[in-house]
Structure formats: C-alpha cells, structure tokens
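Reviewing the structure listed below.
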Number of protein chains: 2
Amino acid sequence: MAQPHELRERGLRLTPQRELVLAAVRELDHATPEEIAEKVRQTHPGINLSTVYRNLETLENVGLVQHNHLGHGGASYHASEEVAHLHLVCGTCGSVGDAPIEAALNFVNSLSEEYGFRTDVSHFAVYGTCAVCSQAELS
Amino acid sequence: MAQPHELRERGLRLTPQRELVLAAVRELDHATPEEIAEKVRQTHPGINLSTVYRNLETLENVGLVQHNHLGHGGASYHASEEVAHLHLVCGTCGSVGDAPIEAALNFVNSLSEEYGFRTDVSHFAVYGTCAVCSQAELS
DNA sequence: AGACCACTTGCAAATGATTCGCAGATCTAC
DNA sequence: GTAGATCTGCGAATCATTTGCAAGTGGTCT
Ligand SMILES: [Mn+2]
Ligand SMILES: [Mn+2]
Ligand SMILES: [Zn+2]
Ligand SMILES: [Zn+2]
C-alpha cells in the first residue's frame with residue numbers, strides 16, 4: 001500500500017540521519033563530508049561526523065550518491081541524479097570550472113575502442129591552467 | 001670550471017638525502033613518498049620520512065619531479081624527464097594501465113579552444129572500468 | 001684550512017582526515 | 001509489543017602529511 005521510500009526500497013533502514021545526509025548532498029553539489037556534516041547540523045546539531053561518513057559510504061553503495069576528486073586529496077559527493085559534467089580545476093588559482101561531458105565524448109570513445117576502457121570522466125577532475133591564469137603567465 | 005651539478009644549478013644545496021630521493025624517484029616511476037623512502041633506505045637506513053616529503057616538495061618546486069594522483073587519495077611522484085602518459089585506473093580491479101598522451105590530444109585541444117583551459121591530462125588518472133572488468137560485468 | 005650562516009636533517013609531536021570498537025538507541029519484521 | 005539486526009554517538013585508533021626545534025652540514029668567503 002504505502003509507497004516505498006527511496007531508501008527503504010534500496011534495502012536501507014530509514015533513519016533521520018540518513019535522510020538528512022542524502023538531502024544535504026542533493027542541496028550542496030559536490031561537497032566534502034565535512035561540509036555535508038555542517039549543513040546537516042544547521043538543523044540537527046547532534047549528528048556525528050562519523051555518521052556522515054558511514055552514511056555517505058552506504059548511500060554510495062546503493063547508488064544514490066557518488067564521489068569524485070576535485071582537489072589534490074579527499075573526495076566530494078554529489079547526488080547520482082545530478083547531470084554529469086566535467087570539472088576544470090586550475091592548479092594555479094584553484095578555480096573549478098564546469099564543462100559538459102560531451103566535450104570528452106571523442107576521448108571517451110577512443111579509449112573505449114582502443115583499450116576497451118570505459119571511462120568515467122567526471123570521477124577525477126580535469127587538471128590544468130585556466131584561461132585567466134594562462135593569460136597572466138605571459139608576464 | 002667544475003660542471004655544475006643538476007641540483008646546484010637549480011639553486012639547491014647538494015645533500016646526500018636530496019640526491020637519493022631524486023634517484024629513487026627516477027628509478028621507481030610514480031611511487032608514493034612511502035615507497036620512495038623505502039627505496040632510499042635500502043642503501044641508507046637513517047633517512048627520515050619527513051626528509052623525503054620535504055625533498056619531494058623542494059624537487060617539485062624546481063621542476064625536477066612532479067606528482068600525480070592515481071588512486072582515490074594521496075600522490076605519486078615521477079621524474080619530470082619521464083615521457084608523459086595517461087594512466088587508466090580501473091575502479092573495479094584497481095589495475096593501472098598506460099596510454100599515450102596523444103590519445104587525449106583532441107580532447108585537450110578542444111578544451112583549449114572552447115575554454116582557454118590548458119589541460120595537464122596526466123595529473124589526474126583517467127578513471128573507469130578496464131576491459132577485463134567490463135567483460136566480467138556481463139554476468 | 002677555518003669560520004660563518006643559511007639551509008637541512010632527524011626526531012618527536014601536532015595536525016587533519018577518515019576509520020573503528022563498543023554500548024546504547026532505534027528500526028523493521030513478526 | 002517484542003526481538004534481533006542495524007544504526008548512532010562517542011572516544012580512541014589509524015594513517016598520511018606537516019611542523020617545531022636543536023643539532024648537523026654545505027657553500028662561500030677569507
Ligand atoms: Mn595534485
Ligand atoms: Mn575516487
Ligand atoms: Zn587559474
Ligand atoms: Zn578492472
């Protein structure tokens with residue numbers, strides 16, 4: 001009768017913490033575990049950071065969220081339903097620009113054809129130097 | 001008169017530790033700081049891990065070595081003179097395959113043209129699923 | 001060769017991020 | 001409602017990397 005909750009129908013228990021973490025990931029867009037915890041605590045101060053970590057892992061296991069790497073370490077999380085896009089990270093100024101995944105389509109296809117490798121282009125950022133910093137380099 | 005040592009000519013002091021770290025990076029090919037320390041200690045047991053970290057940073061600052069990211073965290077180091085290549089990391093089995101940077105040439109060029117972004121394709125690994133694991137998925 | 005001093009090193013402690021152990025709380029299925 | 005599996009908070013552990021500091025060393029200038 002009752003429509004199954006999206007967490008329950010994936011075999012997960014429905015706890016307030018879990019729902020809050022998922023909601024925070026959806027609102028924030030590629031946020032770190034720390035940022036997600038902070039967001040959740042704005043309305044529910046008691047939630048422990050390790051609970052956030054554990055739930056991120058759980059949610060990732062059932063495919064509701066995914067992580068990627070935008071900087072030199074750590075991971076950021078985003079909702080799976082979010083439209084995938086490339087992250088252009090500038091090693092000089094640290095800016096993070098977006099680009100459509102289509103920009104990598106040929107690249108992905110050629111890796112697939114030549115190596116049988118199925119690429120997830122948005123798991124790691126695309127690293128380099130942004131237009132602004134490239135300009136500035138011509139000092 | 002004396003031919004300047006490669007470290008000295010970059011304004012660095014020539015210490016045994018520094019030379020050893022550089023030599024280890026050259027021999028190992030994308031190794032972690034820990035692996036580099038281990039290598040160095042095979043012949044010089046006294047060398048401290050923090051000395052390795054500090055020298056890797058120093059060597060990177062003068063352009064003799066570079067780091068990249070092959071896994072979900074941490075960094076690996078390689079010598080700058082090494083031929084750049086792509087790393088195809090499989091998220092399923094963890095294998096790391098190589099591919100020539102040329103495979104990314106069109107991709108890099110299009111990011112340059114459309115966004116003015118100069119891409120360093122080998123800083124982050126290319127993440128995805130290798131041919132073997134892709135096969136296996138058709139269970 | 002000797003002296004000076006800035007740069008390096010080893011060591012121990014600090015840090016920051018993530019994980020773990022466990023006892024008590026809470027979900028769900030019955 | 002009860003029972004058992006799962007989850008949470010909390011503190012401690014772990015792991016990677018960084019830092020402070022006192023002692024050691026390399027390069028330069030007599
Ligand atoms: Mn990096
Ligand atoms: Mn990852
Ligand atoms: Zn920039
Ligand atoms: Zn694989």
Side-chain angles (χ1 to χ4, degrees), chain A residues 1-25 30-41 43-62 64-65 67-77, chain B residues 1-25 30-41 43-62 64-65 67-77:
Chain A
M1 285 295 100
Q3 69 293 65
H5 186 283
E6 64 179 330
L7 290 174
R8 305 237 50 246
E9 70 189 4
R10 310 226 177 197
L12 298 182
R13 280 200 184 170
L14 184 71
T15 70
Q17 291 88 337
R18 194 160 279 167
E19 283 191 287
L20 288 163
V21 167
L22 179 54
V25 170
H30 46 71
T32 63
E34 191 72 53
E35 291 165 341
I36 292 164
E38 206 174 315
K39 174 80 181 176
V40 169
R41 286 177 183 145
T43 56
H44 297 73
I47 293 183
N48 196 276
L49 184 54
S50 59
T51 298
V52 172
Y53 274 100
R54 284 187 283 227
N55 277 322
L56 286 172
E57 187 182 350
T58 301
L59 293 170
E60 184 159 36
N61 285 338
V62 299
L64 284 170
V65 310
H67 79 266
N68 59 26
H69 303 273
L70 303 184
H72 293 203
S76 301
Y77 287 81
Chain B
M1 285 294 97
Q3 69 293 62
H5 185 283
E6 63 179 331
L7 291 175
R8 303 237 54 246
E9 70 189 5
R10 310 227 177 196
L12 297 182
R13 282 199 185 173
L14 194 135
T15 70
Q17 291 88 336
R18 195 160 281 166
E19 283 190 289
L20 288 163
V21 168
L22 179 55
V25 170
H30 46 70
T32 63
E34 192 73 50
E35 290 165 341
I36 292 163
E38 205 174 317
K39 176 81 180 172
V40 169
R41 285 177 183 146
T43 56
H44 297 73
I47 293 183
N48 196 275
L49 184 54
S50 60
T51 298
V52 172
Y53 273 101
R54 285 188 281 228
N55 277 322
L56 286 172
E57 187 182 350
T58 302
L59 293 170
E60 184 159 36
N61 285 338
V62 299
L64 285 170
V65 310
H67 80 266
N68 58 26
H69 303 273
L70 303 185
H72 293 203
S76 301
Y77 288 81

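Letters go in sequence order (proteins before strands), and every chain restarts at 1. Treat the numbers as computed from the prediction; the structure is a model and nothing was measured.
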Neighbour count above 12 (heavy atom, 6.0 Å) for A:E19 CD: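 Atom CD in A:E19 is packed in, count exceeds 12.
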CG-CZ distance between B:L22 and B:R18, expressed to the nearest 0.5 angstrom: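 Reported to 0.5 Å precision, the distance equals 10.5 Å.
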From CD1 (A:I47) to NZ (A:K39), nearest 0.5 Å: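 Reported value, rounded in 0.5 Å steps: 13.0 Å.
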Ranking B:G74 and A:N48 by the position along DNA chain D of their nearest nucleotide, the one closer to 5' is A:N48
Round to the nearest Å and state the distance from [X] atom [atom1] to [N] atom [atom2].
X	N	atom1	atom2	answer
A:L49	D:dG11	CG	P	13 Å
A:H5	C:dC27	NE2	P	13 Å
A:Y77	C:dA17	OH	P	14 Å
A:L56	D:dC7	CG	P	14 Å
B:I47	C:dT8	CD1	P	15 Å

Counting any heavy atom closer than 4.0 Å, what does A:G46 reach on the DNA or RNA strands: base, sugar-phosphate only, or nothing? sugar-phosphate
Residue among B:L56, B:L59, B:N55, B:V40 satisfying side-chain contact (heavy atoms from CB on, under 4.5 Å) with B:V25: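 Exactly one option meets the side-chain contact (heavy atoms from CB on, under 4.5 Å) with B:V25, and it is B:L56.
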Identify which one of A:V62, A:L14, A:T58 satisfies the side-chain contact (heavy atoms from CB on, under 4.5 Å) criterion when paired with A:L7.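 So the option named by the test is A:L14.
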Give me the atom names and distance for the closest heavy-atom approach of B:E6 to B:E9. O-CG, 3.4 Å
Answer yes or no: does a side-chain N or O of A:R54 lie under 4.0 Å from OP1 or OP2 of C:dT19?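 Indeed not, no polar side-chain atom of A:R54 lies that close.
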C:dT9 phosphate, OP1 or OP2: any side-chain N/O from B:N55 under 4.0 angstrom?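 It does, given that an N or O in the side chain of B:N55 lies less than 4.0 Å from OP1 or OP2 of C:dT9.
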Expected output is a numbered-order residue list: members of residues 10-18 of chain B with a heavy atom under 4.0 Å from any atom of DNA chain C. What is it?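 Close to the strand are B:R13, B:T15, B:Q17, B:R18.
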